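Treat the numbers as computed from the prediction; the structure is a model and nothing was measured. We number each residue from 1, following the sequence as shown.
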Amino acid sequence: MANTIPTLVSPQTVTSLGCTVNHNPSVSAGTRRTLINRRTGSRVNVITRASAQSKDDYYATLKALNSKNRFPRKSLGQHYMLNSTVNEKLVDAAEVNEGDVVLEIGPGTGSLTHVLIEAGATVLAIEKDPHMASLVKERFTSTESLKVLEEDFTKFCVRSHVTALLENKCMLGVEARRAKVVANIPFNITKDVVKQLLPMGDIFSEVVLLLQDETALRLVEPRMQSSEYRSINIFINYYADAEYKFKVPRTNFFPQPNVDAAVVSFKLKQPADYPAVSSITSFFSMVNSAFNGKRKMLRKTLVHMCTSPEIEAALESVALPATSRPEELTVDDFVKLHNTIVKVQRCWKKFQNSKTLTKDPPENEPVELG
């Protein structure tokens with residue numbers, strides 16, 4: 001059966017339709033109900049309008065979707081926030097102030113966008129769904145504090161657009177400061193968003209995201225020596241200081257997902273504050289290789305870099321057991337190990353070069369005399 005948005009009716013309409021009403025849990029705008037026609041037995045989902053409604057409640061969300069003849073698309077991970085208080089707490093968590101430049105990913109009906117603009121931010125909103133992009137543009141057509149781009153965030157050039165906004169602020173005489181990210185993102189692009197944004201500490205000071213609760217806990221509070229501890233945790237701790245802020249029950253969304261959500265804050269480190277490694281690319285290549293053999297010892301998973309005895313010696317030189325596994329190491333442990341292995345590689349390379357320079361020429365090869 002095709003998905004349909006519940007019909008919007010007034011309490012007076014309910015009583016005039018010759019229907020009985022089954023009550024379901026109430027929501028902020030009114031009450032979700034099922035009308036049952038006494039004559040035919042047919043059912044229809046409705047939401048009765050309450051006398052007083054907030055700006056972005058259940059009713060307002062359905063009205064906005066109906067205006068574009070839209071239903072939330074599962075393929076885009078669309079779950080719209082119905083509780084303005086949650087949006088306000090999200091903005092408070094990011095400490096959004098007057099004049100801040102804020103990147104929002106997936107504005108949907110504009111409920112969070114509204115709170116950001118009210119806080120005095122200039123918002124760059126990225127929306128993949130052309131219908132929702134159009135809706136947000138129309139809703140805030142009278143403000144100059146919003147720019148909506150119809151883009152797929154996973155393919156979007158964040159740096160150039162945000163840098164342009166920051167430079168424009170400077171030209172207008174506004175105090176230069178890094179931008180922020182505040183977003184209720186589709187759960188299915190969480191890892192893409194984290195990996196793209198966290199290394200941008202030069203242009204962003206903070207990234208505050210509403211994520212699936214289980215994912216939030218796994219990213220921020222993983223238990224070492226468990227299956228929850230992965231290479232993404234090393235990545236996060238290298239680029240940011242992460243904090244679990246608060247849980248958001250699933251009942252605050254439409255459509256209601258099967259899981260609760262949570263707000264997480266990532267305070268980004270500036271490049272000068274990253275742990276010192278000779279090559280970030282080489283460092284994360286080592287980390288990924290280590291976790292590809294999750295339960296294997298590092299002396300086996302890193303043999304493409306050094307011999308097993310050399311890896312054991314490197315581990316012991318940084319006060320780690322020769323039998324260490326990746327889930328037992330912190331980000332600092334990995335940094336020390338990487339730098340030690342790089343020194344071993346350099347020594348070996350020098351040794352190989354010296355052998356090449358000093359080896360005797362082949363018997364049949366003429367020797368060039370000076």
Side-chain angles (χ1 to χ4, degrees), residues 154 187-201 211-212 214-242 244 264 266 268-269 271 273-359:
T154 61
F187 295 160
N188 58 0
I189 63 168
T190 296
K191 187 175 286 189
D192 293 322
V193 171
V194 168
K195 286 193 170 184
Q196 185 168 348
L197 294 177
L198 264 56
M200 294 187 182
L211 313 172
Q212 182 178 331
E214 182 181 341
T215 301
L217 290 169
R218 192 166 60 242
L219 293 181
V220 178
E221 301 174 0
R223 289 183 296 111
M224 290 183 67
Q225 301 187 34
S226 75
S227 61
E228 297 172 357
Y229 193 63
R230 305 172 185 178
S231 59
I232 188 67
N233 300 112
I234 303 300
F235 179 90
I236 289 171
N237 292 333
Y238 185 89
Y239 286 115
D241 295 315
Y244 183 104
V264 172
F266 301 94
L268 304 196
K269 300 173 186 177
D273 299 323
Y274 297 160
V277 292
S278 57
S279 165
I280 291 179
T281 301
S282 171
F283 172 71
F284 282 111
S285 175
M286 184 195 79
V287 170
N288 290 332
S289 295
F291 279 92
N292 282 341
K294 181 73 174 166
R295 293 298 302 160
K296 291 183 179 179
M297 296 180 190
L298 293 169
R299 65 187 182 189
K300 292 185 180 296
T301 58
L302 300 181
V303 289
H304 65 290
M305 300 182 73
C306 289
T307 64
S308 288
E310 287 171 334
I311 294 169
E312 289 177 4
L315 285 164
E316 290 172 352
S317 73
V318 295
L320 293 169
T323 56
S324 294
R325 291 180 168 83
E327 65 270 23
E328 298 169 348
L329 273 64
T330 65
V331 64
D332 289 335
D333 291 333
F334 271 111
V335 167
K336 292 174 184 177
L337 179 60
H338 174 266
N339 291 341
T340 302
I341 289 177
V342 167
K343 288 179 183 178
V344 172
Q345 290 175 324
R346 285 175 178 169
C347 289
W348 176 249
K349 189 174 182 179
K350 285 182 180 179
F351 175 70
Q352 289 291 87
N353 289 341
S354 65
K355 281 184 65 179
T356 302
L357 291 173
T358 58
K359 73 175 183 178

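To the nearest 0.5 Å, atoms CD (E228) and CZ (R218) are separated by 7.5 Å. E316 contributes atom CD, which lies 9.0 Å from atom OG1 of T323 (distance to the nearest 0.5 angstrom). Note that the CD1 atom of I234 and the CG atom of D332 stand 9.5 Å from one another [nearest 0.5 Å]. Note: T340 OG1 to I311 CD1 = 12.0 Å, rounded to the nearest 0.5 Å. Here F266 contributes atom CZ and I236 contributes atom CD1; the two are 5.0 Å apart, rounded to the nearest 0.5 Å.
Using a 4.5 Å heavy-atom cutoff, the side chains of Y238 and V287 are not in contact. Looking at heavy atoms from C-beta onward, L298 lies in side-chain contact with L329 at the 4.5 angstrom threshold. Residues T190 and L219 are in side-chain contact: their nearest non-hydrogen atoms beyond the backbone lie under 4.5 Å apart. For the pair F187/T215, no side-chain contact is recorded, criterion being any heavy-atom separation below 4.5 Å from C-beta on.
Across every non-hydrogen atom of P199 and Y274, the tightest pair is O-OH, 3.4 Å. Nearest approach of K191 to I232, heavy atoms of both residues: CG-CD1, 4.4 Å. Of all heavy-atom pairs spanning N339 and S278, the tightest one is OD1-N, 3.8 Å. In terms of heavy atoms, P271 sits closest to G201 at CD-C, 4.2 Å. The shortest heavy-atom contact between L268 and A240 is CD2-CB, 3.8 Å. When all heavy atoms are compared, the tightest approach of L315 to A322 is CD1-O, 3.7 Å.
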Show me, pair by pair, the donor-acceptor contacts under 3.5 angstrom made by side chains of residues 300-308, not counting sequence neighbours?
residue, atom, partner, partner atom, Å
T307, OG1, E310, N, 3.4
T307, OG1, E310, OE1, 3.1
S308, OG, R299, O, 2.8

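For the residue pair D333/T330, the side-chain donor-acceptor check at 3.5 Å is satisfied.
In this structure E221 satisfies the salt bridge (charged side-chain N to carboxylate O under 4.0 Å, His left out) test with no other residue, sequence neighbours excluded. Taking A313 as the reference, nothing meets the side-chain contact (heavy atoms from CB on, under 4.5 Å) condition, with sequence neighbours excluded. For N233, the side-chain contact (heavy atoms from CB on, under 4.5 Å) partners are P222, Y229, R230, not counting sequence neighbours. Annotation: side-chain contact (heavy atoms from CB on, under 4.5 Å) contacts of E328 (sequence neighbours excluded): Q225, S324, R325.
No donor-acceptor distance shorter than 3.5 angstrom exists from the side chain of S285 to the backbone of T281, with no hydrogens or angles considered. In terms of modelled atom types and a separation under 3.5 Å, the side chain of K296 and the main chain of P326 share no donor-acceptor contact.
Evaluation of the ring pair (Phe, Tyr, Trp, His ring centres under 6.0 Å) test over residues 315-341, restricted to residues two or more places apart or in two chains, returns F283-H338, F291-F334.
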